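This structure is a prediction, so every number in the text was calculated from the model and none was measured.
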Number of protein chains: 2
Amino acid sequence: MNAAAAVESLTRSVEDYLKAIYRLSPEGRHASTSEIAHLLELSAPSVSGMVKRLSELGLLEHVPYKGVQLTAEGRRAALRMVRRHRLIEAYLVAFLGYSWDGVHEEAERLEHAVSDTLVERMAAVLGNPTVDPHGDPIPAPDGSIHEPASVPLAEIPAGRTVEICRVDQSQPERLRYIASIGLKPGVEVRVTDRQPFRGPITIEAEGRTHVIGHELGQVLFCAPRDDR
Amino acid sequence: MNAAAAVESLTRSVEDYLKAIYRLSPEGRHASTSEIAHLLELSAPSVSGMVKRLSELGLLEHVPYKGVQLTAEGRRAALRMVRRHRLIEAYLVAFLGYSWDGVHEEAERLEHAVSDTLVERMAAVLGNPTVDPHGDPIPAPDGSIHEPASVPLAEIPAGRTVEICRVDQSQPERLRYIASIGLKPGVEVRVTDRQPFRGPITIEAEGRTHVIGHELGQVLFCAPRDDR
DNA sequence: GTCCAGATTTAGTGTCGGCTAAACCTGTGT
DNA sequence: ACACAGGTTTAGCCGACACTAAATCTGGAC
């Protein structure tokens with residue numbers, strides 16, 4: 001409705017909503033009120049109210065009782081936050097001794113406070129990386145992003161060797177466990193055994209053998225490879 | 001009145017008020033409502049209201065119509081913010097290419113977002129500095145701070161050589177000018193001439209001669225020295 | 001001692017962004 | 001075809017913090 005809501009000068013809250021909606025509505029799907037509420041740990045009515053305000057600001061499209069979608073404007077703002085978040089994570093891991101399974105919270109607060117200048121300087125000293133420490137792609141300053149194809153480790157047949165390229169970070173405890181056994185993006189993994197019916201998966205990584213549950217296998221993503 | 005208002009979990013606003021009051025009330029003096037309002041660029045009634053809330057929180061002592069003073073609790077919180085601010089400035093200058101005359105704003109936002117952990121890591125990689133890029137002392141984590149004695153350049157008699165140890169950063173334009181002619185903490189300066197009646201001061205620094213107004217001479221502070 | 005200018009506080013409002021309780025849709029099962 | 005469960009929205013509320021206008025205090029001039 002309203003024209004250009006300056007992408008800077010959005011509230012901390014608004015930025016969080018946009019990021020959440022971006023995560024929940026890939027490929028033009030709709031994000032529901034309750035999904036957003038759950039992700040942000042807010043009540044459904046609070047979300048309903050904010051959704052109304054944001055759609056009046058022109059940042060999203062609201063179909064009552066169906067859900068919301070980002071407008072181009074909203075998407076730009078969301079991607080800007082994603083870029084910030086992932087670059088901050090990368091920076092903290094590279095230069096300030098953070099472990100890749102624990103940076104999330106710090107980045108969550110910093111992403112609302114840094115200037116564009118600072119973000120770009122961090123990007124520069126990092127050598128303009130294209131993925132963050134969890135293997136998630138970092139959107140370019142212009143908002144372009146390409147999600148490299150990947151398949152969950154749980155779907156790799158026994159006998160294959162793959163490289164972990166991404167780790168789902170939505171469950172912190174799992175993230176910590178994965179980190180504790182040395183699995184992280186870049187590591188080579190050989191699937192030595194896979195039990196049926198969502199059974200345990202046996203893998204070899206860096207010379208050590210681990211048996212992990214099917215659940216964990218759905219949180220680790222590998223680059224699909226044509227070799228052996 | 002109230003017991004322990006956790007020093008963490010203060011609002012951005014509250015943190016700004018405490019910092020301002022700390023600056024305005026050295027040595028147990030009182031900060032007036034209008035001074036605070038002016039420094040924070042708020043209306044006097046806004047300050048009055050916040051002062052009431054903060055004194056109910058036990059962070060400051062309010063004597064109506066006279067002014068406010070920090071309590072021990074408030075002082076701790078304020079010093080925590082000052083430490084954050086100055087360490088962030090030092091970090092940005094040292095590692096991210098900021099100039100010492102332009103870091104202030106960035107630090108102003110970041111100081112509210114960083115965790116204690118991050119601040120201490122920045123301090124560590126900096127080698128636990130005791131002064132920031134403007135020469136202002138950085139409070140220790142326990143809140144202790146020692147303001148080294150210093151005198152304005154404007155009061156140094158002609159003929160003396162001194163080292164600049166601190167620069168008042170309250171006027172950004174002056175700060176920029178000072179930086180542009182190469183004057184900064186650590187630089188040696190010889191006062192070659194000083195005109196009476198708040199007249200211009202002639203100095204030599206790093207082989208170059210500058211004539212600066214008395215005003216600028218009050219913004220640059222030097223370590224008092226017993227030598228020549 | 002009184003008066004007045006200027007500082008301070010109180011009164012009353014507004015916005016942002018949360019909440020709960022209640023009303024309302026919508027789609028599924030029978 | 002309809003009822004009902006569960007998700008969604010509306011209504012009404014609250015707290016933090018800003019504002020302006022009005023009332024109030026305080027200290028200095030005379």
Less than 4.0 angstrom between a side-chain N/O of Lys66(B) and OP1 or OP2 of dC25(D), yes or no?
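For dC25(D), OP1/OP2 do not have a side-chain N/O of Lys66(B) under 4.0 Å.
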
For Arg75(A), which residues count as a salt bridge (charged side-chain N to carboxylate O under 4.0 Å, His left out) partner, sequence neighbours excluded?
none

Ordered by number, residues from residues 18-33 of chain A within less than 4.0 Å of DNA chain D (heavy atoms) are Ser32(A), Thr33(A)

Please identify each residue that fulfils side chain to side chain donor-acceptor pair (under 3.5 Å) with [X], with sequence neighbours left out.
| X | result |
| --- | --- |
| Asn128(A) | none |
| Ser99(B) | Asp101(B) |
| Ser9(B) | none |
| Tyr91(A) | Tyr91(B) |

Any residue meeting side-chain contact (heavy atoms from CB on, under 4.5 Å) with [X], in chain and number order, not counting sequence neighbours:
| X | value |
| --- | --- |
| Val131(B) | none |
| Glu105(A) | none |
| Lys19(B) | Asp16(B), Met81(B), Val82(B), His85(B), Glu108(B), Glu111(B) |
| Glu155(B) | Pro152(B) |

Output yes when Arg76(A) and Glu73(A) qualify as a salt bridge under the 4.0 Å nitrogen-oxygen rule, no when they do not.
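Yes, Arg76(A) and Glu73(A) are salt-bridged.
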
Describe the nucleic acid contact of His38(B) in one word from base, sugar-phosphate, nothing, applying a heavy-atom distance below 4.0 Å.
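Touches nothing.
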
Collect all protein-nucleotide pairs involving nucleotides 17-23 of chain D in which both atoms are nitrogen or oxygen and the distance is under 3.5 Å.
from    : atom 1 : to       : atom 2 : distance (Å)
dC17(D) : OP1    : Thr11(B) : OG1    : 2.5
dC17(D) : OP2    : Arg53(B) : NH1    : 2.7
dA18(D) : OP1    : Ser13(B) : OG     : 2.9
dA18(D) : OP2    : Tyr17(B) : OH     : 3.2
dC19(D) : OP2    : Ser43(B) : N      : 2.9
dC19(D) : OP2    : Ser43(B) : OG     : 2.8
dC19(D) : OP2    : Ser46(B) : OG     : 2.3

Reading DNA chain C from 5' to 3', where do the contacts with chain A start and stop? Cut-off is 4.0 Å to heavy atoms.
dC16(C) to dC25(C)

